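This report refers to the structure that appears directly beneath it.
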Amino acid sequence: MRTLCWWRLLARNRFRVSPSRLHIAVGVTIFTPINDLMAAIQWVLFNSKIEKTEVKNPPIFILGHWRSGTTLLHELLTTDPHFSSPNTFQCFAPAHFLISEYLMVRFGNFLIPKKRPMDEMEAGWRLPQEDEFALMNLGVPTPYLRIAFPRTQPQLVEYLNMKGLPPDANKHWKKKLLWYVRALTFHYEGQRLVLKSPPHTGRVSQLLELFPDAKFIHLTRDPRKLFTSTLRLWRSLDEVQGLQLTPNEAELKNYVTECMKRMYDGFDEVVAELPSKQFVQIRYEDLVASPMSIVQQLFEQLELGDFNRIQPELEKRLENHDRYRPNQHQIDSELEREILERWPDYAAKYGYMNEDA
């Protein structure tokens with residue numbers, strides 16, 4: 001994060017950093033001037049080239065609520081040598097990754113955990129990451145800012161569907177995303193990008209304005225598993241990265257409920273107008289059970305190219321897939337009823353209302 005963005009975030013939250021998290025705030029404060037310097041160097045060296053870069057290959061956007069299998073699909077698709085994706089470093093240093101990535105990835109592995117805190121999946125600088133983090137680090141308002149200040153940060157849930165935003169804010173968001181996509185396209189020499197961020201689920205209209213020929217893949221999952229897994233996600237991120245003590249359970253449940261409503265407000269109406277070669281909907285349960293056949297289906301329906309070119313690398317990636325076990329979430333009858341009452345439309349639309357948890 002740049003210095004100005006960081007101090008604005010602190011000021012907006014009245015510097016309410018918990019004493020036990022002061023070391024995190026101090027570390028970020030020390031690094032922000034370095035980010036400024038590196039960003040200035042990259043701007044001088046590459047910005048004119050980035051601005052001239054054309055995105056000739058429309059991106060593929062992976063959509064779906066958090067914990068619906070978007071990360072798994074992201075990693076499977078990017079085994080295709082013809083596709084590229086922003087990695088973790090490029091998302092956390094979007095303003096200077098073109099000049100800093102090599103050294104940081106080579107010598108800075110100690111700065112990132114080997115496993116994700118919410119599900120024990122592998123983590124690392126080179127693994128695919130959500131471009132929402134890049135937008136955040138470029139100074140774009142995003143709900144992800146609540147990770148830093150989970151108790152006092154405005155939740156900015158309006159950025160989950162872009163509704164009610166002033167025209168200037170909407171324009172600023174699109175400008176920053178387009179710049180970042182151009183920077184990645186320049187870096188990867190024009191390869192098609194696979195982008196995954198759950199908040200994009202409610203932004204299909206804006207994404208189509210930028211990339212009319214983009215492809216969209218939407219994942220769904222049993223909402224009872226989805227809700228409990230998302231609670232675990234936010235708790236773990238708050239504990240590891242937050243600068244404050246975590247919210248109470250009732251606050252967190254209300255936040256998760258509101259995010260779902262915002263993300264899916266009008267989603268089905270928008271994607272219903274897309275042709276089948278541009279939009280595909282799959283279930284998490286099917287992806288986990290038959291990943292190879294699901295990826296082949298995506299290639300064929302979305303016309304992504306020859307599936308044979310990805311099959312050898314995909315088989316390697318799936319060698320240990322049968323050993324993977326998702327986190328088990330105990331759901332009693334009262335919690336199940338509560339979840340279905342909070343998300344009745346999602347459960348009904350995607351066929352989960354009458355299934356066993």
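Small disclaimer: the values here were computed from a predicted structure and weren't measured.
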Next item on the list: Could you tell me the separation between the CG atom of L208 and the CD atom of Q278, rounded to the nearest 0.5 Å?
Entry: 6.0 Å
Next item on the list: Considering non-hydrogen atoms only, spot the tightest contact between L184 and P86 and give its length.
Entry: CD1-CB, 3.8 Å
Next item on the list: Would you please indicate yes or no on a ring centroid separation below 6.0 angstrom for F133 and Y144?
Entry: yes
Check: Salt bridge between D345 and K261, side-chain N to carboxylate O under 4.0 Å?
Finding: no
Item checked: Derivation of the side chain to side chain contact (heavy atoms under 4.5 Å, CB included) call for Q297 and V280 -> CA-CA 9 Å; Q297 172 197 336; V280 179; 4.0 Å; yes
Check: Within the side chain of T53, is there an N or O that forms a donor-acceptor pair under 3.5 Å with the backbone of K49?
Finding: yes
Next item on the list: Any chance you could lay out the salt bridge (charged side-chain N to carboxylate O under 4.0 Å, His left out) test for R235 and E249, step after step, and finish with the verdict?
Entry: CA-CA 9 Å; R235 286 193 209 102; E249 193 73 1; 2.6 Å; yes
Notebook entry, point to check: Distance from I310 atom CD1 to T79 atom OG1, nearest 0.5 Å?
Noted result: 3.5 Å
Checklist line | Test item: Q90 and H187 side chains (from C-beta on) under 4.5 Å apart, heavy atoms | finding: yes
Notebook entry, point to check: Going through the distances and angles, do Y264 and W343 end up as a side chain to side chain contact (heavy atoms under 4.5 Å, CB included)?
Noted result: CA-CA 10 Å; Y264 282 90; W343 290 350; over 6 Å; no
Check: Where is the tightest heavy-atom contact between E239 and R21, given as atom of each residue plus distance?
Finding: O-NH1, 3.6 Å
Notebook entry, point to check: Are there more than 12 heavy atoms of other residues, nucleotides or ligands under 6.0 Å from atom CD of E341?
Noted result: yes
Item checked: Polar side chain donor-acceptor pair, Q191 to S84, under 3.5 angstrom -> yes
Next item on the list: Answer yes or no: is there a donor N or O on one side and an acceptor on the other, between the side chain of R221 and the main chain of R67, under 3.5 Å?
Entry: yes
Notebook entry, point to check: Under 30°, 30 to 60°, or over 60°: which ring-plane class applies to W125 and F92, parallel, tilted or perpendicular?
Noted result: perpendicular
Margin query: Using every non-hydrogen atom in the two residues, find where G139 and H172 come nearest and quote the distance to one decimal.
Written below: O-NE2, 4.4 Å
Next item on the list: Start with the C-alpha gap between Q153 and Q244, add the side-chain angles, then the distance that decides, and say whether side chain to side chain contact (heavy atoms under 4.5 Å, CB included) holds.
Entry: CA-CA 10 Å; Q153 166 65 29; Q244 297 175 327; over 6 Å; no
Check: side chain to side chain contact (heavy atoms under 4.5 Å, CB included) between V55 and L193: does it pass, once the steps are laid out?
Finding: CA-CA 9 Å; V55 184; L193 298 175; 5.8 Å; no
Notebook entry, point to check: Could you give the distance from CG (L72) to CG (L219), rounded to the nearest 0.5 Å?
Noted result: 8.5 Å
Check: Is W6 close to T3 at the side-chain level, that is, under 4.5 Å between some pair of heavy atoms?
Finding: no
Notebook entry, point to check: Could you give the distance from CD1 (I217) to NE2 (H74), rounded to the nearest 0.5 Å?
Noted result: 10.0 Å
Notebook entry, point to check: Do I24 and L245 belong to the same hydrophobic cluster, where Ile, Leu, Val, Met, Phe, Trp and Tyr are linked whenever their side-chain heavy atoms lie under 4.5 Å apart, directly or via other members?
Noted result: no
Check: Going by heavy atoms in the side chains, are L135 and T142 under 4.5 Å from each other?
Finding: no
Next item on the list: Report, as yes or no, whether the 6.0 Å neighbourhood of atom CD on E54 holds more than 12 heavy atoms from other residues, nucleotides or ligands.
Entry: no
Check: Atom OH in Y255, atom CZ in R146: separation rounded to 0.5 Å?
Finding: 5.0 Å
Item checked: Salt-bridge contact K225-E285 (side-chain N to carboxylate O under 4.0 Å) -> no
Notebook entry, point to check: For P198 and T70, which heavy atoms make the closest approach, and how far apart are they?
Noted result: CG-OG1, 4.4 Å
Next item on the list: Could you tell me whether the side chain of K176 and the main chain of V140 form a donor-acceptor pair under 3.5 Å?
Entry: no
Next item on the list: Report yes if some heavy atom in the side chain of I60 is under 4.5 Å from a heavy atom in the side chain of L298; otherwise report no.
Entry: no
Checklist line | Q311 vs Q296 side-chain heavy atoms within contact, under 4.5 Å | finding: no
Margin query: Under 6.0 Å from the ring centre and within 45 degrees of the ring axis: does the NZ or CZ of R309 meet both conditions for the six-membered ring of F83?
Written below: yes
Item checked: All side-chain hydrogen bond (donor to acceptor under 3.5 Å, both in side chains) counterparts of W234, not counting sequence neighbours -> none
Margin query: Looking at E273, I want to see if its CD is surrounded by more than 12 non-hydrogen atoms of other residues, nucleotides or ligands under 6.0 Å.
Written below: no
Notebook entry, point to check: Are any of the side-chain nitrogens in K196 or E75 under 4.0 Å away from the carboxylate oxygens of its partner?
Noted result: no
Next item on the list: Indicate yes or no for a side-chain donor-acceptor contact from R182 to the backbone of K52 under 3.5 Å, with no hydrogens or angles considered.
Entry: no
Item checked: Partner of T220 by side-chain hydrogen bond (donor to acceptor under 3.5 Å, both in side chains), out of Y346, Y284, Y352 -> Y352
Check: Just checking, any donor-acceptor pair under 3.5 angstrom between side chains of N137 and Y180?
Finding: no
Notebook entry, point to check: How long is the gap from NZ on K174 to CG on L207, to the nearest 0.5 Å?
Noted result: 10.0 Å
Check: Going by heavy atoms in the side chains, are R262 and E158 under 4.5 Å from each other?
Finding: yes
Check: So, does E313 use its side chain to make a donor-acceptor pair with the main chain of D80 at under 3.5 Å?
Finding: no
Next item on the list: For residues C259 and V157, report the shortest heavy-atom separation together with the two atoms involved.
Entry: SG-CG1, 4.3 Å
Margin query: Under a 3.5 Å cutoff, is there a donor and acceptor pairing between the side chains of N87 and E101?
Written below: yes
Margin query: Are L4 and R8 packed together at the side-chain level, in the sense that at least one heavy-atom pair is separated by less than 4.5 angstrom?
Written below: yes
Margin query: According to salt bridge (charged side-chain N to carboxylate O under 4.0 Å, His left out), who are the partners of E300, at least two apart in sequence or on a separate chain?
Written below: none
Next item on the list: Would you mind reporting whether H96 and N35 have side-chain heavy atoms less than 4.5 Å apart?
Entry: yes
Item checked: H65/Y350 aromatic ring centres below 6.0 Å -> no
Item checked: NZ or CZ of R342 within 45° of F227 ring axis and under 6.0 Å -> no
Check: Got a sec: does the NZ of K171 have more than 12 other heavy atoms crowding it under 6.0 Å?
Finding: no
Next item on the list: Can you see which heavy atom on S85 is nearest to which on P128, and at what distance?
Entry: OG-CB, 3.8 Å
